[in-house]
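As the structure is a computational prediction, the values presented were derived from the model and not from experiment.
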Amino acid sequence: MTLKLSFGEASATGPRAENQDALRVVTPAPALAASKGYLFALADGVSQCADGGLAARATLQALALDYYATPETWAVAQSLDRLLVAHNRWLQANGGGQPLLTTLTALVLRGRRYTLAHVGDCRAYRWDGRQLSRLSEDHVWEQPGMQHVLKRALGLDQHLVVDYLDGELQARESFVLVSDGVWAVLGDQGIQRILHDEQELGAAAQALVSAAHLAGGQDNASALLVRVDNLPEVGLADTLAQLDHWPLPPRLQEGQAFEGWQVERLIAESRQSMVYRVRDGQDRRWLLKTLPASRHDEPRAGPALLLEEWFLRRVAGRHFPEAHPLPQRQHLYYVQREYAGQTLAEHLRLSGPMALPEWQDIGPRLLKALGQLHRRNILHRDIKPENLLWGDDGELRLLDFGLAYCPGLSQDEAHSLPGTPSYIAPEAFAGAPPSPQQDLYAAGVTLYHLLTGHYPYGEIEAFQHPRFGTPTPASRYRPDLPAWLDECLARAIAADPKDRYETMEEWLLAFEQDERRALTAKPRPLLEREPLKVWRGMALLSLLLNLALLVLLLHG
């Protein structure tokens, strides 16, 4: 479910010689709309300046282009403020000695929230079908006779001050942006009357503009209306916006009821997180993850926890735990499904290295899970047997997204090296940025360890600066390993990323093709497969025959 909007707009010159109002609507492609939102803006150029129409049009052009070029990690208000401050300098520098001035009211609708940026005397309202509520303040002087003289505008002062307002969207509500050529003539009551009588947005916008001029308005008149037809599911941006309102949960006790969950017990606690087993109303088991009180004041801790939840929602599927939607959440935590089974680390500890048929079943599943992650631009960065759950339902699930990374969203502390040392790729120790090839390397070490009980380059301890030479072939520990599988693993764990598979899909394809070739290929002659053993055997047989002849000669 996505955010769905309807809009209508109208603008008229009126008695003036030129229309110095400007309107802009940007409805980007779905992926960009989800990350940056929809933009609706109205600018009213100041007629007493060098070219008010140019100022208004140039401002909306810069806004439409530059806003969508800002990083996805920036908040909407931060993005708008950065580009408006820069554009304010441009307006001051390009008026040819005279000021280029314009007012601006811009609205960004993203996810389930809106952000309003406002400077000047255009107005923004919310309309719920019954009541009209003004969102903006008129930046004009209050003294008699100066009510239309701006005290704030783009290009007016070197130091730009913009009002920002952020809030939650409501289904079926509308936003109304109008220039002073509309509101100064019709007043709030006149605007509300027209909105009540005319339901179609385009017709309502035209009615507002026409009514202003019919009532004697002498200024340009413009109106832009936006209606929220459908709200999307809660997204990352909406969730992060709630951080300031969500305290950490209190320490939960066994048997306690908490926001609709029945707490069973605390099952894991560390400096980084706390995990409780909880049950829902259908008595199904879930895991509630939150932060310990000691991390309450860490600025990155809360966003990192919610980003972890967002990763789970983004990759929903059979290879990952289900994340609960939590529509009524009031504290900082998230909940994921608990599955019966054992991790592959537990399997290795209890049963020893995997039998070859089991291992050949597990390997492709791990590669498919990682391929799905990477197609969504997410790196796991902690692939190891402890984070792979072999469920009683037969599924393999990838757990623990606490170190997962998404370019443009995630941030690492300087000099950090996330992951478990024995599974970290050699280039990461050398300071290379996160990459899919590093996940691929960790998957290779994981499969090697599950098969042999050893590590290809030996076990690496924390704070160690390892050197990577030639890995020990897996067949050294597992003589039953076919040559083609030995070669697959060797390529996956190569020290140089250029020698590895480029993608999980490439590795999976090689795995499946080599397996088919191995099944259909005719066995090679023993001399071709094991020449050294053959020649050693022949030499030993020749020696035995010579000894036998010698014995016969001595007794003959």
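Partners of R467 by side chain to side chain donor-acceptor pair (under 3.5 Å), not counting sequence neighbours: none found. Checked against side-chain contact (heavy atoms from CB on, under 4.5 Å), H296 has the following partners two or more places apart in sequence or in another chain: L248. In this structure, W359 has no ring pair (Phe, Tyr, Trp, His ring centres under 6.0 Å) partners at least two apart in sequence or on a different chain. Residues that satisfy the side-chain contact (heavy atoms from CB on, under 4.5 Å) test with P28, not counting sequence neighbours, are V26, L32, A33, Y38, Y68. Taking the ring pair (Phe, Tyr, Trp, His ring centres under 6.0 Å) definition, one finds that Y334 meets it with nothing, sequence neighbours left out. For E502, there are no side chain to side chain donor-acceptor pair (under 3.5 Å) partners, not counting sequence neighbours. With sequence neighbours excluded, the residues satisfying side-chain contact (heavy atoms from CB on, under 4.5 Å) with D499 are A494, D496. The side chain to side chain donor-acceptor pair (under 3.5 Å) check on R172 picks up D229, with sequence neighbours excluded. With sequence neighbours excluded, no residue forms a ring pair (Phe, Tyr, Trp, His ring centres under 6.0 Å) with Y441.
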Hey, mind stepping through L356 and L485 against side chain to side chain contact (heavy atoms under 4.5 Å, CB included) and telling me if it holds? CA-CA 10 Å; L356 198 54; L485 273 178; 4.2 Å; yes
Evaluate side chain to side chain contact (heavy atoms under 4.5 Å, CB included) for L373 paired with L398, printing each intermediate quantity in order. CA-CA 10 Å; L373 267 186; L398 184 51; 3.8 Å; yes
Could you give the side-chain donor-acceptor pairs of residues 339-355 under 3.5 Å, partners two or more places apart or in another chain?
unit_1, atom_1, unit_2, atom_2, d
Y339, OH, E322, N, 3.1
T343, OG1, E346, N, 3.1
E346, OE1, T343, N, 2.8

Which side-chain N or O atoms in residues 442-450 pair as donor and acceptor under 3.5 Å with protein atoms at least two apart or in another chain?
unit_1, atom_1, unit_2, atom_2, d
T446, OG1, A442, O, 2.8
Y448, OH, T472, O, 2.6
H449, ND1, H454, O, 3.0

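Within the 4.5 Å cutoff, the side chain of Y405 has no heavy atoms near those of the Q438 side chain. Residues R314 and C406 are not in side-chain contact: their nearest non-hydrogen atoms beyond the backbone lie 4.5 Å or more apart. Counting heavy atoms from C-beta outward, K289 and Q336 have side chains that stay 4.5 Å or more apart. In this structure, F468 and F429 have side chains that are in contact, with non-hydrogen atoms separated by less than 4.5 Å. Residues R251 and L266 have side chains in contact (heavy-atom distance under 4.5 Å, counting atoms from C-beta outward). For the pair P473/L481, no side-chain contact is recorded, criterion being any heavy-atom separation below 4.5 Å from C-beta on. The shortest distance between side-chain heavy atoms of Y276 and Q256 does not fall below 4.5 Å. Inter-residue side-chain proximity for V162 and V85 is flagged as unmet; no heavy-atom pair is nearer than 4.5 Å.
Using modelled atom types, no side-chain atom of R300 and backbone atom of A304 make a donor-acceptor pair closer than 3.5 Å. Between the side chain of S422 and the backbone N or O of I460, at least one donor-acceptor pair lies under 3.5 Å. R478 contributes a side-chain N or O that, together with a main-chain N or O of L451, makes up a donor-acceptor pair within less than 3.5 Å. With hydrogens and angles disregarded, a donor-acceptor distance shorter than 3.5 Å links the side chain of Q262 to the backbone of G255. With hydrogens and angles ignored, the 3.5 Å screen pairs a side-chain donor or acceptor of R295 with a backbone N or O of Q272. A donor-acceptor pair under 3.5 Å is formed between the side chain of R110 and the backbone N or O of S35. The backbone N or O of A323 lies less than 3.5 Å from no partner atom in the side chain of E309, so there is not a single donor-acceptor pair. For Y164 (side chain) and D81 (main-chain N/O), a donor-acceptor pair under 3.5 Å exists by modelled atom type. Side chain of R82 to main chain of A77: no donor-acceptor pair is present (N/O by atom type, distance under 3.5 Å, no hydrogens or angles). Looking only at distances, no side-chain donor or acceptor of Q437 sits under 3.5 Å from a matching main-chain atom of K498.
With values rounded to the nearest 0.5 angstrom, L370 atom CG is found 11.5 Å from I378 atom CD1. Rounding to the nearest 0.5 Å places OH of Y423 at 4.0 Å from OH of Y455. The OG1 atom of T59 sits 8.0 Å away from the CG atom of L84 when rounded to the nearest 0.5 Å. Of the inter-residue distances, the one linking L291 atom CG with L305 atom CG reads 5.0 Å to the nearest 0.5 angstrom. Between the OG1 atom of T2 and the CG atom of N230 there is a distance of 7.0 Å, given to the nearest 0.5 Å. For the atom pair CG of L287 and OH of Y333, the computed distance is 13.5 Å after rounding to the nearest 0.5 Å.
In terms of heavy atoms, T290 sits closest to P249 at OG1-CD, 3.2 Å. Contact record, A495 with R500: O-NH2, 3.2 Å, taken as the closest heavy-atom pair. When all heavy atoms are compared, the tightest approach of L231 to L169 is CD2-CB, 3.7 Å. Of all the heavy atoms in S435 and E427, the pair that sits closest is OG-OE2, 4.5 Å. In terms of heavy atoms, A369 sits closest to H319 at CB-CB, 3.6 Å. Summarising the geometry of I493 relative to P456, their closest heavy-atom pair is CD1-CB, 3.4 Å, with the distance given to 0.1 Å.
Pairs engaging residues 363-384 under the side chain to side chain donor-acceptor pair (under 3.5 Å) rule: D361-R365, H374-D439, R375-E505, R381-D412, D382-N387, D382-T420, K384-T420 [sequence neighbours left out].
Ring-plane geometry between F311 and F401 is classed as tilted, the angle between the planes lying from 30 to 60 degrees on a 0 to 90 degree scale.
Within 6.0 Å of CZ on R476 lie no more than 12 heavy atoms contributed by other residues, nucleotides or ligands. Counting heavy atoms of neighbouring residues, nucleotides and ligands inside a 6.0 Å radius, atom CZ of R318 does not exceed 12 of them.
Two rings, from F175 and Y114, have their centers less than 6.0 Å apart.
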